[in-house]
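Report on one structure; see the data block that follows.
Just so you know, ligand 1 is whichever comes first in the structure, and atom 1 is the first atom listed for that ligand.
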Amino acid sequence: MVAQNDVLDYELVAGAATAPLLGYDGPASNLWLYGGSSPGPVIRARQGELVQVRLRNNLPEPTSTHWHGIRIANAMDGVPGLTQEVVPPGGSFDYSFVAPDAGTYWYHSHNKSWEQMARGLYGPLIIEERDPLPADREMLLVIDDWRLGEDGQVHAESFGSLRDWSHGGRLGNWLTINGASAPQLEVKRGERLRLRLINCANARIVTLKLDQLAPLVIALDGQPLPEVREIGFSGRLTLAPAQRADLLLDVFLEPGDRAQIMEVTGQEGVEIGSFLCNGVAADGMAGREMPRLPTNNLPRPDLSDPLKLDLVMEGGAMGAMRSAVFDGRELSIRELVAEGQVWALNGVAGMTDVPLARIQRGRSVVLEFDNQTAWPHAMHIHGHHFRVMARNGQPVDNGAWRDTELVAANEKVTVAFVADNPGKWLIHCHMLEHQAAGMKTWFQVTGQAG
Ligand code: C2O
Ligand code: CU
């Protein structure tokens, strides 16, 4: 990294590399990684700074990099076919953008992401506040769900499995935190930690139970909450694929104590890591007054006369979809299955030539995700953050800004945002197999960048 007049330079090489996902005693896993590590290198900048990253592609296939959650200039959004050409093997692409909002973000491949991300192509992108939050330390918890064989290798035979694509996506069998299996994260009594959690899984909705710790949620999807939220001593925190949470954790464990990080499904839980208290922090900040994260300057939607958009989500196993348009032709469900396209938005599987909507820059939008499928979906909007206004018609706005929101089976979720970022933006399910199998569309914001 070269720092020069507030200009940061990173080189991000995407290529084959190994990582000890099974632990140092097990066989190393052959992965595709950024910078040779899992997760990829932390890219860090200060709010408002120009971030410059050269992506170099040493993979055997084309790629691109997307900066998830950043309200970025459209040409830097990293979506092949929409905002840039793919970067061929041996090629490179220079990304440069100003990150307007502080918070916890991440970057990942956006070409064949269902395979490239399952092989490890992602990393954290941290935008620091101009005045950093007072805490003794910061800790990243990058969570992933891998599907590995006993030899520790990524299960490649099941890439493209129609069963995964039409059900809950590619669920793995091996959860890691920061590329490690059940790591013990060392903490000291009296420390105040800022934890940054990122769910990088292809499809797993991760529910964490942080034993004995009672952290506070201070931000979601990078954006500070107007009111911090308690999750309690045995409380749970759910992160859908691509979602992030920032937590503030005052450590009151005794030296020698170990607090488990559990991943829970229903009543069952597995330990995926733990905090090990190995001493006392001299003059730690735990127990002091709670600091407040300054909010980012996001435009509030004007709900008096918004543009209303509906997005009917259909398809998948146990769904009622009988046909949909794919590549401009109406196909029966059998023909769609043959094409690997089993999900649709407003009756269309996959991308269209014409956007879902052309929206005049600055217009407020109220969008309803109408999930008529038997599956939850993590719906992501590029280039914008939105407020969740209602679930099944009941008002729920709690002031949180999201870029990815979980929409339960048969649920309707209404979101609102100001379409203030000119360009072509994707909306898709972040369960990457659903995205690949049709659950994606795009909208265009017209007008000049200001
Ligand atoms: Cu994090 Cu279009 O994705
Ligand atoms: Cu989905």
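- Scored by the side chain to side chain donor-acceptor pair (under 3.5 Å) test, E150 finds no partners at all (sequence neighbours excluded).
- Here the rule is ring-ring contact (aromatic ring centres under 6.0 Å, His included) with H430, and of H382, H66, H68 only H68 fits it.
- Using modelled atom types, one finds a donor on one side chain and an acceptor on the other under 3.5 Å when comparing T65 with Y34.
- The 12-atom threshold is exceeded at CG of N398, counting heavy atoms of other residues, nucleotides or ligands nearer than 6.0 Å.
- Looking at H428 and atom 2 (Cu) of ligand 1 together, the shortest N, O or S contact belongs to NE2.
- The closest donor-acceptor contact from the side chain of N392 to the backbone of E411 lies at 3.5 Å or more, if one exists at all.
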Show every donor-acceptor pair shorter than 3.5 Å between a side-chain atom in residues 310-322 and any protein atom, with sequence neighbours excluded, or say none if there are none.
none

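- With hydrogens and angles ignored, the 3.5 Å screen pairs a side-chain donor or acceptor of N199 with a backbone N or O of R204.
- Protein nitrogen, oxygen and sulfur atoms, that is N, O or S, within less than 2.8 Å of the Cu ion (ligand 2) amount to 3.
- Taking 2.8 Å as the limit, the number of protein N, O or S atoms around atom 1 (Cu) of ligand 1 is 3.
- Checking R163, H155, M117 one by one against R170, the side chain to side chain contact (heavy atoms under 4.5 Å, CB included) holds for a single residue, H155.
- Salt bridge R391/E405: present, at least one basic N to carboxylate O contact under 4.0 Å.
- Atom-to-atom distance recorded for W114:CH2 and K112:NZ is 5.0 Å, nearest 0.5 angstrom.
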